[in-house]
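See structure below.
What you are looking at is a predicted structure, and each value in this text was computed from that prediction instead of being measured.
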Amino acid sequence: MTNLIITGSLIFIVADAMTMVGKGGGNFYVVILAIAGVPMHEAATTGQFMLFSASVAAMIIFQT
């Protein structure tokens, strides 16, 4: 449970920072997930989904 909280917090921080500067951050997501013990193929797939989710959230928040 602690591992999930730490991993989620790290991903949130990276997603927040990368979204504010207009970068994807997918390479950071995959590394964080791999260090947390997620298999590489699953980490890569999950990283892509997180990129999509962060992009949609940024589009809604920063729309002009």
Side-chain angles (χ1 to χ4, degrees):
M1 184 67 178
T2 304
N3 191 20
L4 179 64
I5 293 170
I6 293 171
T7 303
S9 298
L10 286 173
I11 288 173
F12 178 77
I13 291 167
V14 169
D16 190 42
M18 291 294 115
T19 300
M20 285 192 292
V21 298
K23 301 291 182 186
N27 51 345
F28 295 113
Y29 302 149
V30 174
V31 170
I32 292 169
L33 290 170
I35 289 172
V38 177
M40 187 53 73
H41 292 296
E42 190 176 328
T45 305
T46 305
Q48 289 295 317
F49 179 73
M50 289 189 300
L51 279 171
F52 172 75
S53 300
S55 297
V56 170
M59 180 182 66
I60 293 169
I61 291 170
F62 297 119
Q63 68 182 341
T64 51

| task | Could you tell me the separation between the OG1 atom of Thr7 and the CD1 atom of Ile35, rounded to the nearest 0.5 Å? | result | 9.5 Å
| field | Nearest heavy atoms of Ala34 and Ala43, plus distance in Å | value | N-CB, 4.4 Å
| message | Can you tell me how far apart CG (Asn27) and CE (Met18) are? Round to the nearest 0.5 Å. | response | 8.0 Å
| For the atom pair CD1 (Ile11) and CD1 (Ile6), what is the distance rounded to the nearest 0.5 Å? | 12.0 Å
| Could you state the interatomic distance from CE (Met20) to CZ (Phe62), rounded to the nearest 0.5 Å? | 7.5 Å
| task | Any chance you could lay out the side-chain contact (heavy atoms from CB on, under 4.5 Å) test for Val30 and Met40, step after step, and finish with the verdict? | result | CA-CA 8 Å; Val30 174; Met40 187 53 73; 3.9 Å; yes
| request: Answer with yes or no whether the hydrophobic clustering places Ile32 together with Met50; edges join I, L, V, M, F, W, Y residues whose side-chain heavy atoms lie under 4.5 Å apart. | output: yes
| query | Taking all non-hydrogen atoms of both residues, which atom of Ala54 and which atom of Tyr29 are closest, and how far apart? | reply | CB-OH, 4.2 Å
| task | Might you point out which heavy atoms bring Gly26 and Leu51 nearest each other, and give the distance in Å? | result | N-CD2, 3.6 Å
| request: Could you grab the distance from atom CG of Leu10 to atom CD1 of Ile5, nearest 0.5 Å is fine? | output: 12.0 Å
